[in-house]
Amino acid sequence: MLRIHNSLTGRKEVFRPIEDGHVGLYVCGMTVYDYCHLGHARAMVVFDVVQRYLRALGYRVTYVRNITDIDDKIIARADELGESMGVVTRRFTEAMYEDADAMGCRRPDREPRATANVDAMQALIQRLIDAGYAYVSEHGDVYFAVARFPDYGQLSGERLSDLREGARVESGEGKTDAADFALWKAAKPGEPSWPSPWGEGRPGWHIECSAMATNELGERFDIHGGGLDLKFPHHENEIAQSEAACGHGWVNYWLHNGHVRIDGEKMAKSLGNFFTVRDILAQYPAEVVRYFLVASHYRGPLNYTLEALANARSSLERFYRALRGLPWGEPSGGEAEAARFHEAMQDDFNTPEALAVLFDLAREVNRQREAGDERTAAGLAARLRELGGLLGLLGDDPERFLKSGTGASGLDDPTVEAMVAERTQARKDREFERADALRDQLQAAGIILEDGPEGTSWRRV
RNA sequence: GGCUAGGUGGCAGAGUGGUGAUGCGGCGGCCUGCAAAGCCGUUCUACGUCGGUUCGAAUCCGGCCCUAGCCUCCA
C-alpha cells in the first residue's frame with residue numbers, strides 16, 4: 001500500500017489511482033534557456049525515482065514532463081546570444097537530455113513543448129473567458145480573475161486578502177485585481193507571437209502546464225509534481241485555471257521536492273550560487289551525484305557540500321566493494337530486507353530509509369563471504385543490485401566503479417597493474433620493504449591496495 | 001506582514017508514544033608480514049525552548065525562539 005505526502009492536504013495519504021493499474025503523472029519541466037543546475041537535477045532524479053517505483057509496483061505509468069520553450073527569459077537569452085529562439089531552446093533541450101541521461105533518468109513518456117501546444121492553450125483561455133473567469137484588458141492581455149475562483153489558495157494556504165496586502169504583488173497593467181495573473185500576453189514589437197482572438201501575443205506561463213497536462217492526461221489525473229518553488233504561484237494558478245475551466249477537481253495528489261541549498265541558502269540563478277550538472281559531472285561520476293540526491297528525503301532541503309558528495313562516493317564504494325568479485329546472478333535470500341525496502345519506499349518514497357536497508361544487506365553479503373559461503377553471498381549481492389536498481393543505482397560494474405576514482409591519479413591502469421604485480425612478487429620474495437615502498441608510491445598516486453585471499457585488488461580514491 | 005516547511009548524536013541523515021535506523025568519523029578486537037578492506041564490539045546524557053496531556057514523549061497538543069523557502073522569474 002503506497003502512501004504519499006499530498007501537499008494539497010499536507011498529510012500522507014494512501015495512493016489510489018483514478019484508473020485501476022494506471023497512473024497519470026505530470027511534472028513541470030525546464031525552461032530551456034540555460035544548462036541544468038543541481039536543483040533541476042534533483043527534480044529530475046526525484047521524479048525519476050517516483051516513476052520507477054510506481055512501475056515497480058506494477059502500475060502502468062504515463063509520465064509527462066513539459067518543456068517550456070517560449071518565455072521572457074528565452075527571448076532575452078536569444079537576444080543576448082544573437083541567435084533565434086529555436087536555436088537556443090534546441091541547444092539547451094539537448095543539453096538537458098545529456099545531463100538527465102547521464103544521471104540515469106528514464107525519459108518521460110510524453111514531453112510536450114509549449115510552442116507546439118499554443119492551440120490548446122488558446123482553447124483553454126477562451127473557455128475561461130466564456131465562463132466568466134477571465135477578461136481581456138485594453139492592451140490585449142488576458143487575465144485570470146482570481147476573485148471569481150472561490151477555492152483560490154487551496155494549495156498554498158495563501159489568502160487573497162493577504163496577497164493583495166503583500167508588498168510584492170504588482171498592480172496596474174490593465175488588471176482589475178492586483179492578484180490576477182496573465183493567461184495571454186500581448187506581443188511587444190519584435191517579440192515572437194502567435195495570432196489569437198485577442199490579438200498577436202503569447203501564452204502566459206501557468207496556462208502552459210494546465211493546457212498540456214490536461215491535453216495529455218485528461219481533466220482529472222493522479223499526480224502533479226514539481227519543485228517547491230513552483231507551489232505558489234505556479235501550481236496554485238494551474239489549479240485555478242484548470243478547475244475553473246472543467247468545473248471540477250483536477251489533480252488528486254501534489255508532490256513537491258525540496259530545494260538544493262548551498263551554505264544554507266537556496267541554490268538559485270539569481271543568487272549566482274548554482275553549480276551546473278555538467279560541471280559537477282566533470283568531477284564526480286554521475287552515480288555519485290544521483291546517490292547524493294537520493295540519500296535524503298525528497299521533501300526536505302538538501303545541502304550541497306563537497307563533504308556530502310564525498311560521503312555519497314564512499315557509500316557507493318561500500319556497496320560496490322560488497323558486490324565486487326561476486327557473480328551476477330539471480331537474487332536469492334534477503335527477503336526480509338526486500339520487504340523492509342519496499343515498506344520504506346511505500347512510505348512516501350523514503351529513499352534514505354531504503355538505503356539503510358541496502359547497507360544492512362551489504363553487511364550480510366560481507367558476512368556470508370567472510371564465512372566462506374560465496375553462493376549465499378552472491379544471491380544476496382544480486383538482491384542488493386536488484387533493489388538498488390529500483391533507485392537507479394548499483395548498475396555499474398564494481399571493478400569499473402572502484403577503479404574510476406574522482407580525478408586523474410596520474411597512473412593509467414596498465415601501469416598500476418604492473419606495479420601491483422611487482423609488489424606481489426616482492427611479497428612472495430618476502431621483500432616487504434620493497435613491497436611497502438611500491439604500495440606507498442601507489443597510495444601517493446591515489447591508488448589503494450587491498451590484499452585478499454585471491455590476490456590484490458585496487459581502487460582509486 | 002501573510003503563507004509553507006524544518007530544528008535529531010562529532011558530521012550527514014531516517015524514524016518512532018515505551019528494546020538508542022543507516023553511513024562517515026573515533027576507539028578496541030579478529031584478520032593481515034604490515035596495511036587496506038571486511039567482520040565483531042564500542043564510544044557519543046541525540047532529539048531547539050518552555051509548558052501541557054500520558055503510567056511513560058524526542059515522538060501528541062499549545063506558546064516561544066531559530067533557520068530556510070514562497071508571496072516577482074525559478075526545479
Side-chain angles (χ1 to χ4, degrees), chain A residues 7 10 27-31 33-34 36-47 65 68 71-73 76 153 155-159 161-170 179 205 225-234 236 256-261 264-271 274 292 295-297 299-303 305 307-308 310-319 321-322 324 340 344 347 350-360 362-363 365-371 402 427 430-433 435-436 439-440 443 448-453 456-459:
Chain A
S7 344
V27 176
C28 287
M30 280 188 73
T31 301
Y33 73 107
D34 207 342
C36 304
H37 67 242
L38 199 54
H40 298 108
R42 185 175 196 197
M44 291 193 286
V45 168
V46 161
F47 288 103
R65 186 179 63 198
T68 296
D71 167 89
D72 290 349
K73 286 177 303 229
L155 178 66
S156 61
E158 299 279 359
R159 276 186 303 266
S161 53
D162 295 334
L163 290 173
R164 293 200 185 96
E165 284 165 20
R168 298 208 245 173
V169 176
E170 280 175 46
W205 178 38
L228 191 57
D229 46 357
L230 299 182
K231 196 173 175 186
F232 189 88
H234 185 52
E236 192 69 73
H256 291 97
N257 65 275
H259 297 303
V260 175
R261 292 184 189 172
E265 276 188 316
K266 176 185 170 184
M267 182 179 288
K269 294 208 66 159
S270 54
L271 293 168
F274 61 92
F292 163 68
S296 59
H297 188 83
R299 275 191 287 123
L302 206 189
N303 218 37
T305 60
E307 291 73 28
N311 207 302
R313 190 183 153 73
S314 42
S315 297
L316 278 172
E317 281 177 357
R318 179 161 167 83
F319 286 127
R321 273 195 301 257
R324 186 178 221 176
R340 282 205 289 141
D347 182 15
N350 193 337
T351 51
E353 180 74 30
L355 287 173
V357 177
L358 261 33
F359 280 111
D360 288 343
R363 175 178 297 110
V365 170
N366 289 332
R367 268 193 200 130
Q368 293 302 328
R369 201 209 301 255
E370 194 146 290
L402 292 168
R427 291 179 70 213
R430 315 277 310 166
E431 290 178 34
F432 294 124
E433 242 172 72
D436 290 351
R439 185 173 61 197
D440 291 346
Q443 190 165 11
I448 303 291
L449 301 188
E450 292 171 16
D451 297 331
T456 299
S457 55
W458 59 274
R459 63 190 161 90

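By convention in this document, chain letters (A, B, ...) are assigned in the order of the sequence lines, proteins followed by strands, and residues within each chain are numbered from 1.
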Could you run through nucleotides 33-43 of chain B and give me one letter per nucleotide, 5' to 3': B if any protein heavy atom sits under 4.0 Å from the base, S if only the sugar-phosphate is that close, - if neither?
-> BBBBSBSS---

Reading 5' to 3' through nucleotides 14-21 of chain B, protein heavy-atom contacts under 4.0 Å coded B for base, S for sugar-phosphate only, - for none = SS-----B

Which is true for A/Met267 with a 4.0 Å heavy-atom rule: it touches a base, it touches only sugar-phosphate, or it touches nothing?
-> base

Please determine, for the side chain of A/Phe232, which listed nucleotide (B/A75, B/C24, B/C70) has the closest atom?
-> B/C70

Quick one: does A/Ser296's side chain get under 4.5 Å of A/Arg42's, heavy atoms only?
-> yes

Heavy atoms under 4.0 Å is the rule here; annotate nucleotides 61-67 of chain B 5' to 3' with B where the base is hit, S where only the sugar-phosphate is, and - elsewhere.
-> -------

Determine the Euclidean distance between corresponding P atoms of B/A57 and B/C50; express it in Å to zero decimal places.
-> 14 Å

Would you indicate whether the side-chain heavy atoms of A/Ile448 and A/Gln443 approach each other to under 4.5 Å?
-> yes

When we call it a touch if two heavy atoms are under 4.0 Å apart, what does A/Lys231 touch: a base, just sugar-phosphate, or nothing?
-> sugar-phosphate

Considering only atom P, compute the distance from B/U8 to B/C47 and round it to an integer number of Å.
-> 10 Å

For the side chain of A/Glu265, starting at C-beta, report the closest nucleotide among B/G69, B/C70, B/G23.
-> B/G69

Distance, P atom - from B/C60 to B/G7, rounded to whole angstrom = 11 Å

If we take the P atom in both B/G41 and B/A5, what is their distance in whole Å?
-> 41 Å

Applying side-chain contact (heavy atoms from CB on, under 4.5 Å), name anything that partners A/Ala268, two or more places apart in sequence or on another chain.
-> A/Lys266, A/Ser270, A/Leu271

Assert: residue with more 5' nearest nucleotide on RNA chain B, out of A/Gly39 and A/Leu228, is A/Leu228

Can you tell me how far C1' in B/C64 sits from the matching atom in B/U45, rounded to whole Å?
-> 25 Å

Which dot-bracket string fits RNA chain B when only Watson-Crick or G-U wobble pairs with both atom distances under 3.5 Å count, crossing pairs get [ ], and | stands for a partner on a different strand?
-> (((((((..(((.....[...))).(((((.......))))).....(((((..]....))))))))))))....

Pairwise P distance for B/A68 and B/C27, with rounding to whole Å = 35 Å

Select base, sugar-phosphate, or nothing to describe what A/Val46 touches, counting heavy atoms under 4.0 Å on all strands.
-> nothing

Euclidean distance for P, B/C11 against B/G2 (whole angstrom) | 33 Å

Determine the interatomic distance between P on B/C3 and the same-named atom on B/G9; round to the nearest Å.
-> 30 Å

Residues in ring-ring contact (aromatic ring centres under 6.0 Å, His included) with A/Phe319, at least two apart?
-> A/Phe359

Using a heavy-atom cut-off of under 4.0 Å over every strand shown, decide if A/Gly227 touches base, sugar-phosphate, or nothing.
-> sugar-phosphate

